[in-house]
Structures are given as structure tokens and as C-alpha cells.
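In listed order, ligands and their atoms are each counted from 1.
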Amino acid sequence: MKRQRSISRRVAQLRPSATVEMTEKVRAARASGRRIFSLASGDPGIPTDPRIIEAAYDAFKAGDTRYAPVLGEPRLRAALAAHEQRRSGVLFKEDDIIVTPGGKFALLTALMGVVETGDEVLVPEPGWVSYGPCVELCGGKPVLLPMLDRLDLAAMEAAVTPATVAMIINSPVNPTGRVISREEIDGLVELADRHNLWIIFDQVYSDLVHGPSFPSPQGTGKGRAFTFVVDSFSKTFGMTGWRLGHLAVPPGLTKPISRFMQHSVYCVPGAVQAAGLKALELYDEVVPGYRAMFRRRQGDAAARLDAVAGIRCTAPDASFYLFPAVDTDDRALAARWLDQLDVATVPGSAFGSAGAGHLRLSVTASDEEIDEALRRIAAAGLA
Ligand code: PMP
Ligand code: GLU
């Protein structure tokens with residue numbers, strides 16, 4: 001008997017990305033003429049600064065249309081190392097940086113580098129929808145650990161088995177916007193050290209932290225030796241469509257880890273990297289304004305949501321998300337608001353069981369659209 005053609009179980013069994021699917025749903029509804037007020041997007045909604053676009057245009061015109069170096073353009077890698085060193089306070093060199101097509105690919109590159117078939121990776125939840133599937137793509141097993149408001153280090157340690165190789169830690173957290181505390185980070189580093197685990201630290205929202213401090217495992221000094229840092233231009237500079245991010249690796253691992261790049265995407269287009277270099281140059285000029293805008297919107301929206309019966313909402317310390325608790329089934333409520341109010345949100349349970357009873361709302365649409373969405377929510381309530 002001839003074998004049937006089929007797609008691989010590895011891909012067929014992946015759970016679809018709830019955030020990407022919601023974005024596609026909103027796109028399709030809009031294309032069909034419906035006006036949707038979206039509080040669902042993971043895109044910051046900031047137009048890329050024209051000077052960044054100019055830099056890419058200039059690079060293309062100057063002939064930067066060929067393969068770029070696999071690890072990234074040296075000037076961009078050096079600028080990213082300096083940026084990370086300024087933020088974390090520990091030494092980063094150009095050689096520690098691999099430029100990737102977005103943070104998602106940086107995450108996959110790190111996981112490809114450390115996960116063997118059957119290995120386990122600890123993933124606290126609620127957490128971003130792609131962590132589990134990326135671990136599965138590498139043949140590993142995500143160990144999902146529900147812990148909503150604080151990392152429960154004892155529960156994490158209890159979940160460690162001989163097969164555990166890594167943990168994925170995200171701060172500020174998507175979907176809650178929470179910044180993980182210094183105490184929790186210190187505990188994680190000790191735990192990883194005790195059990196010889198890698199830490200994959202996803203800090204793609206770290207430029208949108210409102211407070212003065214941003215604790216990170218690499219910043220503890222000790223954690224630097226076993227932490228992979230995932231970062232991106234997407235959220236910071238409104239550059240989601242450019243597909244530009246990076247992975248900062250523990251010292252000495254750049255070459256072996258980058259083999260995955262060599263055999264997959266090869267490189268990030270040079271002109272996109274030129275844009276990234278310009279973005280970093282403009283950082284001090286443009287980013288504080290974006291951060292202040294999100295903080296203002298989060299504060300205003302949280303107060304208006306909190307005033308609705310059955311909703312409890314406080315503004316978090318970072319990002320552009322809100323994660324209000326709702327006294328009803330979150331999936332049914334999100335579906336109802338989309339169908340009846342034309343307001344899009346993401347149900348909290350899409351981020352794991354610990355997110356149930358919440359919605360993820362982003363304040364990335366225009367002020368007018370956010371205002372209208374909140375007006376509709378207040379008028380309809382949870383009914
Ligand atoms: N990590 C988190 C927590 C995210 O929310 C996103 C958003 N897509 C990413 C990583 C990856 O972003 P990108 O690939 O656009 O850099
Ligand atoms: N990270 C964003 C979100 O959580 C964008 C979509 C995605 O890549 O998941 O909505």
C-alpha cells in the first residue's frame with residue numbers, strides 16, 4: 001500500500017496562534033466593510049519614524065540588495081551590544097549578538113540551539129501564545145505552569161525533572177504587562193544555576209517599562225553565562241512589519257547557535273538592518289514619547305474599565321496591554337463584544353489556563369478608536 005501524503009505531525013499538531021488569528025479575523029472583517037474597534041492588537045500602532053524609512057531607502061539605493069553577513073551587520077551588532085550593556089549594566093560585545101528576523105525567530109533560534117527531542121522547557125503562564133508551539137517545533141515538551149501574579153519559584157523547582165533543559169521567562173509579561181521583580185529574577189537565576197538550566201529571557205517590551213528599573217537575569221551578572229536574551233525592534237519603534245530583532249547569547253555560543261541561521265533564513269536584509277541602526281540612534285529622541293503615550297492610555301483605559309460592573313482593572317508597569325479580570329467566561333465575552341459591539345479583544349485563556357477570566361486589551365489604536373471601544377464596553381457591560 002502506498003503511503004498517504006500528509007503534513008508532518010510536528011506542524012499539524014501545533015495550536016494556531018490566537019493573537020495572529022485574531023489579527024487576521026479583524027483584517028478580514030475590515031476588508032468586508034465592517035468597522036472594527038480593535039483592542040486586540042500586539043502591534044504598537046506607531047508609524048515608523050520617517051528617518052528610519054529613509055535609512056532603509058538610502059541603503060537600498062546604494063546597492064545593499066545582496067546577502068548580508070549571517071550574524072548581522074557589525075555596526076548594528078555593536079550598537080545592540082552597547083544598548084543591552086547600557087540597559088543591563090553587564091558586559092555585552094558585538095560578538096554576543098545575532099541579528100534575527102524579529103523576536104519570534106530569535107526565540108526559535110535559542111530553542112533550536114538548546115532543546116533536544118523530548119527535552120522539557122518550563123513555561124510560566126499566562127504567557128505569550130508562541131512559547132509552547134516554538135518548543136514543540138524543536139521536538140521539546142513545554143511544561144506549562146499556571147502562576148498569574150507572581151512567579152512561584154517553589155512550583156517551578158518542583159516541575160524540574162532530569163529532562164528539563166530550560167525555562168522561558170518573559171518580562172514585561174505579555175499578556176499582563178507586569179514587570180518581574182528583582183527578587184523573582186534573583187530566585188530564577190539561583191534555580192537555573194542549581195539545576196543547570198538555560199534561561200531564555202524574552203524582553204521585547206523592555207523599552208516600554210514605566211518605572212526606573214528593569215530587573216533581568218543577564219543583569220544579575222551570574223545569569224549572564226546561561227541566559228539567552230530575545231529582543232526586537234517591533235514594539236519599541238513601531239517596526240513590526242520590518243521583521244527585525246536580535247538574540248544576545250551567552251559568551252562563546254554565537255558560532256554554534258548561528259548554524260541554524262545559516263541553514264534557514266541566512267540573514268536579515270541589509271537595508272532593514274540599516275533602518276535598525278538609525279532607530280537606535282533616534283532612541284532617546286523618540287522612545288520616551290511612545291512610552292508616555294502608552295502609560296497615559298493605560299491609566300485612562302484602566303480607570304474606565306474598572307468603573308464597569310463585573311470588571312476589575314489596574315494599569316500595569318509596562319507595555320501597552322491591560323489584563324482586566326471579568327466576572328464571566330472570557331471566551332464568550334470576547335466573542336460577544338466582537339459580534340455585537342465590533343470591539344476586538346483577546347480572551348485571557350488564549351494565554352493559558354491561568355489567564356481564564358481575563359481579557360487582554362491593547363491601547364494601540366488611535367485615541368478616538370479606544371475611546372469609542374470603551375464607550376461601547378461601558379454601555380453594554382458584561383451582559
Ligand atoms: N515575544 C513576545 C512576548 C511578543 O509579544 C512578541 C510579539 N509578536 C514577540 C516576542 C515577537 O515579536 P517580533 O517577532 O515581532 O519581534
Ligand atoms: N506578540 C503580539 C501579540 O501577542 C503579536 C502577535 C504575535 O506575534 O503573537 O499579540
**Study point:** atom 7 (C) of ligand 2 [closest protein heavy-atom partner, distance rounded to 0.1 Å]
**Key:** T19 OG1, 3.4 Å
Review point. Which of the atoms of ligand 2 are close to G42, meaning less than 4.0 Å from one of its heavy atoms?
Key: 2 (C), 3 (C), 5 (C), 10 (O)
Practice item. Would you check if there is a donor-acceptor pair between the side chains of E120 and T161 at a distance under 3.5 Å? Key: yes
Point to revise | Mode of Y321 contact toward ligand 2 - side chain, backbone, both, neither (heavy atoms, under 4.0 Å) | key: side chain
Review point. Is any side-chain heavy atom of I168 closer than 4.5 Å to a side-chain heavy atom of L111?
Key: yes
Revision key, fill the gap. Contact region, N174 to ligand 2, non-hydrogen atoms below 4.0 Å, reads side chain
Review point. Considering only the protein, which heavy-atom contact is closest to atom 8 (O) of ligand 2, and what is its distance?
Key: K104 NZ, 2.9 Å
Exercise for review: Please examine the side chains of V209 and P172, heavy atoms only from C-beta on, and report whether any two atoms are closer than 4.5 Å.
Suggested key: yes
Ignoring hydrogens and angles, write down the donor-acceptor pairs under 3.5 Å from the side chains of residues 144-153, residues two or more places apart or on other chains.
{"residue": "D152", "atom": "OD1", "partner": "A154", "partner atom": "N", "Å": "3.2"}
{"residue": "D152", "atom": "OD1", "partner": "A155", "partner atom": "N", "Å": "3.0"}

Point to revise | Contact atoms of ligand 2, heavy-atom distance to K235 under 4.0 Å | key: 1 (N), 2 (C), 5 (C)
Review point. What residues sit with at least one heavy atom under 4.0 Å from ligand 1?
Key: G102, G103, K104, W128, Y131, N170, N174, D202, V204, Y205, S232, S234, K235, R243
Check your understanding: Relative to ligand 2, is R360 under 4.0 angstrom through side chain, backbone, both or neither, heavy atoms considered?
Key -> side chain
Review point. Do W128 and V173 have side chains that get closer than 4.5 Å, going by heavy atoms?
Key: no
Check your understanding: Just distances here: any N/O of S130 and N/O of ligand 2 closer than 3.5 Å?
Key -> no
Exercise for review: Test D231 against every option in H83, R87, H246 by the side chain to side chain donor-acceptor pair (under 3.5 Å) rule and name the one that passes.
Suggested key: R87
Practice item. Work out whether the distance between some heavy atom of M22 and some atom of ligand 2 is less than 4.0 Å. Key: no
**Study point:** R224 to F92 six-membered ring, cation-pi geometry met (6.0 Å, 45°)
**Key:** yes
Point to revise | side chain to side chain contact (heavy atoms under 4.5 Å, CB included), paired with M156, selected from T164, L191, V143 | key: L191
Review point. Is a side-chain donor-acceptor pair under 3.5 Å present for T48 with W242?
Key: yes
Check your understanding: So, for F237 and Y290, is the gap between ring centers shorter than 6.0 Å?
Key -> no
